[in-house]
Amino acid sequence: MESSSEGVGPVGDEGGAVAESAGVGAGGVPSAAAESATMVPAAPSDPAAGSAPAVQAGTSPVPDRVPRAPSAPSSLSPSRAGDFMQCPLLYRFRVIDRLPEKPSAAATKGTLVHAVLERLFDAPAAERTAPRAKSLIPGQWDRLRESRPEVVELFADDPDGERLAGWMAEAELLVERWFSLEDPTRLEPAERELFVEAELASGLRLRGIIDRVDVAPTGEVRIVDYKTGKAPRPEYAESALFQMKFYALVVWRLKQVVPRRLQLVYLGSGDVLTYDPVLADLERVERKLLALWEAIRLATETGEWRPRPTKLCGWCDHQAHCPEFGGTPPPYPLPVRAVESGGGAQGRMGLD
């Protein structure tokens, strides 16, 4: 998971059956984390900003709140790749300038729901019920407020707690809907909230956090990601699968195994989107990422980060710094070189 639909740490090896409709199971397999130091349970962090320390399940490290000096990008995550494809200037604001952003109610709800679904698997299979899952919400909200105090701002103007109660009820509905899509009593994930990182031959480091990895006794791998929003229309399904193919590429490069299935679980609409990748899919994604990274490298060296106006601009926290809204970006903090003729087409990088 990354972001609201993006998230936050254990290794399972109990053995068990995965829901038959998914076509793969879990259990009786060595932990992937034990095989590679680049596949470890994840601490809550932004995979694009720095390595997430390995932590044991159930721990909540205090985030590093000391501002870091701006630096050139050194790795790529699905979220940050998506930022650059959406708007190169947004990528700069988030990765290089590291401008602060206000917490979002939707994103915070996504983080909360992800934490609940992760922690539910700590319970024995027979006890993984909807009531138990919903009972975890208050405690996980308390932990979220402790680790990210800024989320308290979301309800600063809610003295009677009415908005918070409604927001918590929405989280309960999302958690409850998950039980109509998957049966956790028949799942024994090999990994939850798994931090993965792989370095390509080019030197590009790919990293991210996978919500859940199921491994069948036969070795087949299923990568699962929870989304608290609604499923996209069919014409946008390929864009939605980009993140999953990114993860599949990393797993392939780490383990030399092409995942059998990629699965997006949309809690907002009650839909499940699946895709069975082949090697050609992952090779295509790798070529796309290499081209994307070259465009990021060029923009980093020249300081040419172009805004790309879309309907999403209305939700952007950085309008005050964006030329499209009459703003001025902060002084570029990295050394630059002259732009070569014909360079800087970063704003046109797409998903195809």
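- In summary, Arg337 and Glu304 do not engage in a salt bridge, as defined by a charged side-chain N under 4.0 Å from a carboxylate O.
- The backbone N or O of Trp178 sits nowhere less than 3.5 Å from a side-chain atom of Tyr226 that would complete a donor-acceptor pair.
- Listed for the Trp167 side chain is a donor-acceptor partner under 3.5 Å among the backbone atoms of Ala105.
- Listed here is the closest heavy atom pair of Ser75 and Tyr91: O-OH, 4.5 Å.
- Atom CZ of Phe179 is surrounded by more than 12 heavy atoms from other residues, nucleotides or ligands within 6.0 Å.
- Ring orientation note: the planes of Trp305 and Phe84 are nearly perpendicular, at an angle over 60° on the 30°/60° scale.
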Original post:
Should Glu294 and Arg297 be marked as a salt bridge (Lys or Arg N to Asp or Glu O under 4.0 Å) after you check the CA-CA gap, both sets of side-chain angles, and the distance that decides it?
Top reply: CA-CA 5 Å; Glu294 177 60 22; Arg297 184 195 63 79; 2.3 Å; yes

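- Counting heavy atoms from C-beta on, the side chains of Asp225 and Gln263 never come closer than 4.5 Å.
- Sorted by first and then second residue, the salt bridge (charged side-chain N to carboxylate O under 4.0 Å, His left out) pairs with a member in residues 105-114 read Lys109-Glu170; sequence neighbours excluded.
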**OP:** In sequence, state the C-alpha distance, the side-chain angles, and the governing distance for Phe195 and Ile210, and then conclude on side-chain contact (heavy atoms from CB on, under 4.5 Å).
**Re:** CA-CA 7 Å; Phe195 175 79; Ile210 301 175; over 6 Å; no

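- The only member of Glu182, Glu118, Glu193 that meets salt bridge (charged side-chain N to carboxylate O under 4.0 Å, His left out) when paired with Arg212 is Glu182.
- Identified under the salt bridge (charged side-chain N to carboxylate O under 4.0 Å, His left out) test for residues 242-252, with sequence neighbours left out: Glu238-Lys245.
- In terms of modelled atom types and a separation under 3.5 Å, the side chain of Arg207 and the main chain of Val250 share no donor-acceptor contact.
- Both Leu254 and Leu290 are part of a single hydrophobic cluster, where members link through side-chain heavy atoms under 4.5 Å apart.
- No salt bridge links Arg163 with Asp158; every basic N to acidic carboxylate O contact stays at or beyond 4.0 Å.
- Side chains of Ser74 and Arg205: a donor on one and an acceptor on the other come within 3.5 Å.
- A donor-acceptor pair is defined here as one N or O able to donate and one able to accept, closer than 3.5 Å; no such pair exists between the side chain of His318 and the backbone of Leu99.
- Here the side chain of Arg128 pairs a donor or acceptor atom with the backbone of Pro184 at under 3.5 angstrom.
- Note that OG1 of Thr185 and CG of Leu120 are 10.0 Å apart. Values are rounded to the nearest 0.5 Å.
- Side-chain contact, Tyr275 with Asp281: a donor N or O sits under 3.5 Å from an acceptor N or O.
- The side chain to side chain donor-acceptor pair (under 3.5 Å) with Arg92 is formed by just one residue from the set Asp83, Thr300, Asp97; it is Asp97.
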